[in-house]
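Worksheet: the structure to be examined is printed underneath.
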Amino acid sequence: MIKSRIIGTGSYAPQRILSNHDLEKIVDTSDEWIATRTGIKERRIADGETTTDIAVKACKKALKSASIPPDEIDLIIAATVTSDMIFPSTACFLQSHLGIKKNIPAFDVSAACSGFLYAIDVADKYIKTNAAKNVLVVGVDVFSKIIDWHDRNTCILFGDGAGAVLLSAEKGNRGILSSHIFSNGHYWNMLYTPSNICSSPFKSSSHSHKCEEPYLKMEGNKIFKLAVQTMGEACQEALDHNNITADELAFLIPHQANARIINATAERMGLPQEKVFINLDRYGNTSAGSIPIALDELAQSGRLNKGDLLLMVAFGGGLTWGATLVKW
Ligand code: ACO
């Protein structure tokens with residue numbers, strides 16, 4: 001049976017650090033409030049770097065760690081909601097910036113903070129159906145450009161960054177064991193960013209989507225509860241599907257949105273803290289970059305052993321959510 005194995009990881013976050021104390025000078029907030037309510041201490045902010053620049057750096061590291069030259073890539077999938085342009089896609093920009101000469105497919109996946117797990121789901125299906133051997137998957141977002149920096153409810157939460165993996169077709173029992181992705185579009189308006197492209201001479205005044213400021217809007221409390229519920233359910237589905245229990249997991253890599261959401265999810269699963277990977281204190285919520293940055297840091301730390309079971313779980317705008325079980 002062919003499996004998609006992660007044979008390389010890489011990540012990159014912009015050098016500029018924005019601490020909670022820096023935010024105290026921008027909005028009415030405090031380091032104490034942010035740290036207690038979210039677990040975040042600082043985040044990285046793109047200062048002159050584009051979404052593509054950040055993604056390229058993560059991808060180059062992933063390719064290097066996989067020892068795969070760019071021309072052996074059969075497919076590029078970029079998970080992002082903050083592309084540099086409406087089109088071309090970030091994936092097409094990556095094909096060009098990585099110097100790939102072959103005419104391979106390259107496209108973006110839009111699922112906000114769940115984007116990386118959505119992209120992994122697609123990549124896994126390409127590999128299992130023999131449509132691709134080596135797939136480059138990158139999760140990248142630059143939320144600093146869609147944040148209202150006057151809104152203390154949201155601007156404290158997010159940061160910029162990218163993480164990438166190289167998935168390769170391999171026989172054996174290592175790799176992605178199962179992937180479970182979900183959405184509920186009825187909840188779209190709990191978390192969204194309007195487009196600023198709304199002018200048209202053909203637009204009637206009764207148009208349902210009014211032109212709003214193109215900044216992220218969020219109902220934090222509702223999102224919080226749904227995140228705990230849906231991430232818990234997705235984790236359980238992945239465990240049940242593979243007939244394993246939570247205590248067999250080596251690590252849980254949750255979407256890094258809020259330490260309280262992560263702790264509640266882990267508690268629901270009965271997982272001890274040392275098995276839950278957290279780096280949101282240093283990055284905040286990097287949306288699609290969140291899980292692959294965490295995965296890369298965990299891989300680089302040397303704490304992962306061959307055969308370890310890793311569960312990745314995400315939640316984001318859409319609403320979207322999902323879980324992926326990996327045998328390392
Ligand atoms: N600094 C100080 N006070 C603040 C701040 C701030 N930055 N933000 C809000 N407050 C105030 C509020 O105004 C409110 O004051 P009031 O009681 O006088 O009205 C008080 O703090 C409590 O506000 P709540 O919103 O109830 O605070 P809560 O404990 O729920 O924490 C938070 C808010 C951190 C946003 C939390 O709800 C959360 O993390 N929700 C999930 C958000 C999330 O993960 N979104 C991303 C999803 S992924 C994606 O796809 C992008």
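Just so it is clear, the structure is predicted and the values come from calculations on it, not from any experiment. Each ligand, and each atom within it, is numbered from 1 in the order the structure gives.
- The protein atom (non-hydrogen) at minimum distance from atom 46 (C) of ligand 1 is Asn285 ND2, 3.6 Å.
- Distance check on atom 18 (O) of ligand 1: every protein heavy atom falls at or beyond the 4.0 Å cut-off.
- Shown are Asp141, Ile291, Ile293; of these, the side-chain contact (heavy atoms from CB on, under 4.5 Å) with Thr286 is made only by Ile293.
- Listed by number with element, the atoms of ligand 1 under 4.0 Å from a non-hydrogen atom of Ala112 are 50 (O).
- When hydrogens are left out, the protein atom nearest atom 31 (O) of ligand 1 is Arg260 NH2, 3.4 Å; that is the closest non-hydrogen contact.
- Using a cut-off of 4.0 Å between Lys/Arg side-chain N and Asp/Glu carboxylate O, Asp160 and Arg43 are scored as not salt-bridged.
- Each of the following atoms of ligand 1 lies closer than 4.0 Å to a heavy atom of Ala257: 44 (O).
- Within the 4.0 Å heavy-atom criterion, the part of Phe315 lying near ligand 1 is the backbone and not the side chain.
- A salt bridge links Glu297 to Arg282: one of the charged nitrogens lies within less than 4.0 Å of a carboxylate oxygen.
- Taking the six-membered ring for Trp and thresholds of 30 and 60 degrees, Phe143 and Phe158 have ring planes inclined between 30 and 60 degrees apart.
- Of the protein's non-hydrogen atoms, Cys113 SG, 2.8 Å is the one closest to atom 48 (S) of ligand 1.
- With hydrogens left out, the protein atom closest to atom 42 (C) of ligand 1 is Met218 SD, 3.6 Å, a heavy atom.
- Salt-bridge formation is not detected for the pair Asp148/Lys217: no Lys NZ or Arg NE/NH1/NH2 atom is positioned less than 4.0 Å from an Asp or Glu carboxylate oxygen.
- Counting heavy atoms under 4.0 Å from ligand 1, residue Asn221 touches it through both backbone and side chain.
- Judged purely by distance below 3.5 Å, without hydrogens or angles, the side chains of Glu24 and Asn20 never pair a donor atom with an acceptor atom.
- Set against the non-hydrogen atoms of Arg37, the atoms of ligand 1 under 4.0 Å away are 22 (C), 27 (O), 28 (P), 29 (O).
- Ion pairing between a basic and an acidic side chain is recognised when a charged N comes within 4.0 Å of a carboxylate O; Lys125 and Asp121 show such pairing.
- In this structure, a donor-acceptor pair under 3.5 Å is absent between the side chains of Thr230 and Glu233.
- Proximity of Thr29 to ligand 1, defined as any heavy-atom pair under 4.0 Å, is shared by backbone and side chain alike.
- Within a 4.0 Å radius of atom 14 (C) of ligand 1, the protein contributes no heavy atom.
- Asn258 ND2, 2.6 Å is the protein heavy atom nearest to atom 39 (O) of ligand 1.
- Taking each of Trp33, Phe158, Phe224, Phe143 in turn, the one with a heavy atom nearest to atom 8 (N) of ligand 1 proves to be Trp33.
- Ser83 has its side chain out of reach of Thr51: every pair of non-hydrogen atoms, C-beta onward, lies at least 4.5 Å apart.
- For ligand 1, the atoms closer than 4.0 angstrom to any heavy atom of His255 are 48 (S).
- Within ligand 1, the atoms closer than 4.0 Å to a non-hydrogen atom of Thr38 are 34 (C), numbered from 1 in the order shown.
- Nearest residue to atom 40 (N) of ligand 1 from Ala259, Gly220, Gly317 is Gly220 (criterion: closest heavy atom).
- Looking at Thr154 against ligand 1, nothing comes within 4.0 Å, counting heavy atoms.
- Among all non-hydrogen protein atoms, the one lying nearest atom 47 (C) of ligand 1 is Leu191 CD2, 3.5 Å.
- In this structure, the side chains of Leu177 and Lys3 come closer than 4.5 Å at one or more pairs of heavy atoms.
- In summary, Lys133 and Asp74 do not engage in a salt bridge, as defined by a charged side-chain N under 4.0 Å from a carboxylate O.
- Gln273 places no side-chain N or O within donor-acceptor distance of the main-chain N or O of Ala266, the cut-off being under 3.5 Å.
- Atom 9 (C) of ligand 1 has Asn153 OD1, 3.1 Å as its closest protein atom, hydrogens excluded (heavy atom only).
- Side chains of Asn258 and Thr38: no donor on one and acceptor on the other come within 3.5 Å.
- Ranking the protein heavy atoms by distance from atom 11 (C) of ligand 1 puts Arg152 NH2, 3.6 Å first.
- Within 4.0 Å of atom 27 (O) of ligand 1, at least one protein heavy atom is present.
- For ligand 1, the atoms closer than 4.0 angstrom to any heavy atom of Gly316 are 48 (S), 49 (C), 50 (O).
- Under the 4.0 angstrom criterion, atom 44 (O) of ligand 1 counts as having a protein heavy-atom contact.
- At distances below 3.5 Å, not a single donor-acceptor pair connects side-chain atoms of Ser290 with backbone N or O atoms of Asn285.
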